[in-house]
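Contents: one structure, followed by commentary.
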Amino acid sequence: MKALALLLILSGFAYAEDDLRLPRVTRAIFDNGLHVIVAEYHELPLVEFHLIVGAGAAQDPAGKEGVSAVTANALRRGAGKLSAEELARAIESLGGRISTTPGTDGTIVTAEFLRDDFAAGLDLLRQVMLDPKFSRDEVRRAREEQAAAIVAGFEDASTVAEKCYGNFLYGSHPYGRPVEGRRSTVSDIGRSDVTAYYDRWYRPNNTTLVLVGDVSAVDAVIRLREAFGAWRARPDAIPLRPTAPEPVAARRVLLVDKPDATQAQIRFGNVAIKRSDPDYLPAQVANTILGGGFTSKLIEELRVKRSLTYAAWSMFAARFGGGDFRLGTFTKNPTTAETLDLALTVEGDFRNRLPDRKALDKAKSYLRGQFPLRLETPDALAARLAEIEFYGLPVDELATFRRRVAAVTPADVQRVARAHMPPPDRVAVVVVGQASQVRAPLEAKFGPVETVAPDACEKLSMPRR
Amino acid sequence: MSRPVRRRLAILVAALAAPPLACALELPVVARSLSNGLRVLVHEDHSAPVVSSYVFYHVGSRNEVRGATGISHLFEHMMFNGGRKFGPGVFDDLIEGNGGSTNGYTTRDYTAYLNNFPREALPVVLDLESDRMANLAITKQNLEQERGIVMEERRLRIDNEVWGVMDEALYLQAFVESPYRWNVIGFMPDIAHITLDQARAYFRTYYAPNNATVVLAGDVDPPAAFRLVERYFGAIPRRHPPPPVDSSEPPQDGERRAVVRKNAELPAVMIGYHVPRAVDADRASLDVVERLLGGGESARLHQDLVRRHEVATVVEANDTWGIDPELFWIYAQARPKKTAAALEERIDAVVGELRSKRVPDDELAKAKSQLRSEYVEGLKTVSGKANKLGFFETVFGDYRALFRLEDAWRAVSADDVQRVARTYLDRTHRTVVVLVPVPAPGRPASGRPPRPGGVS
């Protein structure tokens, strides 16, 4: 085994401009390319790991959609000398946790252990990352459980709405793929697909590792190097990111039929910015006014004034190579067309007008005031530090956040709203509801509506021939 | 991805299934009662310049009567719409304008209002909270606005959510007389019919300082915090104590079963067993049983139903902590082509083994270690800490019960586990809810057909 030297350690306080004390962050790049970030956190006797492997569903080969998720799900099912059951028992006997979350651009692996179990927990995590077994039987289980979860998801209207919206808006673009794959492709995934995916992408030069915990940073870096130093890099492990998706050029409405639903789920939006876009922050401020907080324009118009819904929200789903702006709400069958129409109007009006000063000030206070609460736990802090590294954001992203929010002007808000929130006649709309009740009113207001069953949406994301 | 679920209903009364603790982590708390009976708990934590406030009103759906079920939760919604000093729409604006966030939730046992905010906003928050405690504006406009919103919430959480329908059915079957039988959100016709007079009477009866606990956690100085609480809440008059709740429940002789037919993909089963109230001496042993059965992938139910027999996609166990006797439930969802009967058979086998064989020491230690980790998890945020302190003060009658958890868990023996499993997880007085998926017209559902008695 080759001993790997540490390339670089930078250490320093991340000063905020006010009394928010951000922890000291230590960074290292091991010579196998692994990016390591350590922050000390001494409020609780815990260590939290947050790793992002820089490949997800966007790297699934055609016809094998879902393999990144099966790989993530099978990762913890046996490693080193431990079978799946032994590994689960070892983790849970420590009162610890290792979990994997497959995503579109990346795969997240998190782990939590008590400080006193740091060495044992780190060793289990190392085995999971570097030496997963992927036995044939465990891959089969992961695949079958994933296929069952896909089926179970058809039961839930909001799950169907989110999934169909992604399929409908992005189509065959990699960001339109359901992360968990399609029923037809998941059943074809075998052990060799999983090991090929793992061998290619699970590499230190394609991974960011953040550790936040009740440890000394210097000691932690040394122990991390002992654990992960032998992980071998691969030159082609860093994926080419998808190019920006094409926006939809007109309003298109998809109705997904849930024959016994008494409530319709509504989503609409269009392609928008990627995470590293400099407009991301002012866009967050704009979104807070429209549909972020609990005093947003959407809440005011749909919930407070008219009692049409219990919730209404909007957000930028910003990814590596692009993303989308989306808005969501739900209402009883008879008010479905009215609610969709009103949500489109509220969104359209918002992007056409200069925001009032009071609403802007409130949104800024809200974002600034909630900021420390979003960094309060060691796992939340680890996730934010990993996100910054993964998307290549400035290292002072956290330290300058509140100052940058404070500097956003009404003109900034209007500019980013017009640029990144779609005009209401250019959106992909998905309604999940009882077609026999909601279809006619929708067609009367919005023209022809395509109707499909919940399990048919995934076809929309298939490569077009 | 964040969907606002504020003013949300805690459908699982104790999603707090097992809040953790270690003696080393006992929180410093200063507790006092004002002369009007308001209980105040302050926990000082200066690690960030933020404060969390909770007001726990000791009223939930257990205090309701038939015909007006759901009034506690509907009332929680109304609480955000103005008092005397602050008019409609001001509460949320002022909280968010001061950098805070606000929410509320209702359970069978209590109603909690929370705010998480920069420390400078403490006086504003207390001003707002005391104004609505003293002088909520109970108007037709307020009631009608929230009635429509709550109906939408019921459609979301119960009527269009398979799990929600099963959960509602389980409690309705398992309890005959206890007010725990109805769901916190109430029946749709009751939500539709609650009157302004009922809302006014409810407020007079239950929203009093002597029926509430204020918890502050975070960057506060206790003496200064008490002075502020006294200034804003001190003049609110004490009221007659609310009437006691009759939670008596006739013993369940024999198994009860219910069938839910819904447009769904996969069969599922939910089994409820009667368990004693949270303060009962057997509760710690039941917490351990919950972890042994449902604590992660190494737990018995997952090992058996998901791995060994491959009949389930998901299986969970939940030991709910209530002021009154509650349910310990197990839920499992079938895999495609597997049946509810197969799930039930395996659950019976797993529970049966816990009743018939002594649990090995290492497995017992694992369950306890999981309980401890969950305890720590619940104390990561100032909001989590304030919530726990208020929960224990309200449901256990003393916030210090939180600090006694770990000792209670540590004392649980293998004999205790077997004894409580035999006492409570008994099929002769359990309730079973079976979901039979009904395919959409013209479309076969994927998990069909459920054949009675079929096994993998």
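In the text below, chain A, chain B and the rest are named by the order of the sequence lines, each starting its count at 1. Not measured: the values here are computed from a predicted model.
When heavy atoms are compared at a cutoff of 4.5 Å, A/L308 approaches chain B solely by way of its backbone atoms N, CA, C and O. If you measure heavy-atom distances from A/K364 to chain B, you find no contacts under 4.5 Å at all. Residue contact with chain A, scored on non-hydrogen atoms closer than 4.5 Å, involves the backbone and the side chain of B/V382 alike. Looking at B/Q303, the atoms closer than 4.5 Å to chain A (heavy atoms on both sides) all sit in the side chain, from C-beta outward. In this structure, chain A has no heavy atom under 4.5 Å from any part of B/R147. Looking at B/E161, the atoms closer than 4.5 Å to chain A (heavy atoms on both sides) all sit in the side chain, from C-beta outward. Contact annotation for B/V306: both backbone and side-chain heavy atoms come within less than 4.5 Å of a heavy atom of chain A. The contact between A/E138 and chain B is made entirely by side chain atoms (from C-beta outward), counting heavy-atom distances below 4.5 Å. Heavy atoms closer than 4.5 Å to chain A are found nowhere in B/A121, neither backbone nor side chain.
A donor-acceptor contact shorter than 3.5 Å is absent between the side chain of B/E265 and the backbone of A/G153. In terms of modelled atom types and a separation under 3.5 Å, the side chain of B/T313 and the main chain of A/A148 share no donor-acceptor contact. A/D361 contributes no side-chain N or O that, together with a main-chain N or O of B/G97, makes up a donor-acceptor pair within less than 3.5 Å. B/Q333 places no side-chain N or O within donor-acceptor distance of the main-chain N or O of A/A152, the cut-off being under 3.5 Å. Side-chain atoms of B/D92 never come within 3.5 Å of backbone atoms of A/F294 as a donor-acceptor pair (strictly under, hydrogens ignored). Under the 3.5 Å distance criterion, the side-chain polar atoms of A/E43 are left unmatched by any main-chain donor or acceptor of B/S47. The backbone N or O of A/K362 sits nowhere less than 3.5 Å from a side-chain atom of B/E96 that would complete a donor-acceptor pair.
Counting all heavy atoms, side chain and backbone alike, A/G95 lies closest to B/S369 at N-OG, 3.0 Å. Pairing each heavy atom of A/Q263 with each of B/L156, the nearest pair is OE1-CA, 3.2 Å.
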TODO: List the steps and the verdict of side-chain hydrogen bond (donor to acceptor under 3.5 Å, both in side chains) for B/E152 and A/T309.
DONE: CA-CA 6 Å; B/E152 219 50 74; A/T309 189; over 6 Å; no
Task: B/D362 and A/S93: CA distance, side-chain angles, deciding distance, side-chain hydrogen bond (donor to acceptor under 3.5 Å, both in side chains) verdict - done: CA-CA 8 Å; B/D362 58 341; A/S93 294; over 6 Å; no
TODO: Given side-chain hydrogen bond (donor to acceptor under 3.5 Å, both in side chains), test A/Y310 with B/R155 step by step and report yes or no.
DONE: CA-CA 10 Å; A/Y310 170 67; B/R155 287 184 194 103; over 6 Å; no
Open item on the list: Assess the residue pair B/K262 and A/E155 against the criterion (salt bridge (Lys or Arg N to Asp or Glu O under 4.0 Å)); give the C-alpha distance rounded to whole Å, side-chain angles, the decisive distance to 0.1 Å, and a yes or no.
Closed with: CA-CA 10 Å; B/K262 284 284 284 180; A/E155 268 180 26; over 6 Å; no
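To the nearest 0.5 Å, atom CD of residue B/E297 and atom CD1 of residue A/I91 are 8.0 Å apart. Once rounded to the nearest 0.5 Å, the distance linking CG of A/L373 with CZ of B/F117 reads 9.5 Å. Taken from CZ in B/R335 to CD in A/E144, the straight-line distance is 6.0 Å, to the nearest 0.5 Å. Between the CG atom in B/L379 and the CG atom in A/L46 there is a gap of 10.0 Å [rounded to 0.5 Å]. Note that CG of A/D260 and CZ of B/R261 are 11.5 Å apart. Values are rounded to the nearest 0.5 Å.
With respect to the salt-bridge test (charged N to carboxylate O, under 4.0 angstrom), the residues B/E310 and A/R141 qualify. Salt bridge annotation for B/K380-A/E376: absent, with no cationic side-chain nitrogen under 4.0 angstrom from a carboxylate oxygen. Taking the charged nitrogens against the carboxylate oxygens, A/R89 and B/E363 have no contact shorter than 4.0 Å, which rules out a salt bridge.
Side-chain contact between B/L266 and A/V151 is present, with heavy atoms from C-beta onward closer than 4.5 Å. With a 4.5 Å cut-off on side-chain heavy atoms, B/E146 and A/R303 count as touching. Between B/M151 and A/K332 the shortest side-chain heavy-atom distance does not fall below 4.5 Å.
When A/S296, A/S365, A/P372 are compared by the number of non-hydrogen pairs under 4.5 Å with chain B, A/S365 comes out ahead. When each of A/E86, A/E112, A/R306, A/R97 is scored by its heavy-atom pairs under 4.5 Å with chain B, the top score falls to A/E112.
In summary, the side chains of A/Q370 and B/S101 do present a donor paired with an acceptor at a separation below 3.5 Å, with no hydrogens or angles considered.
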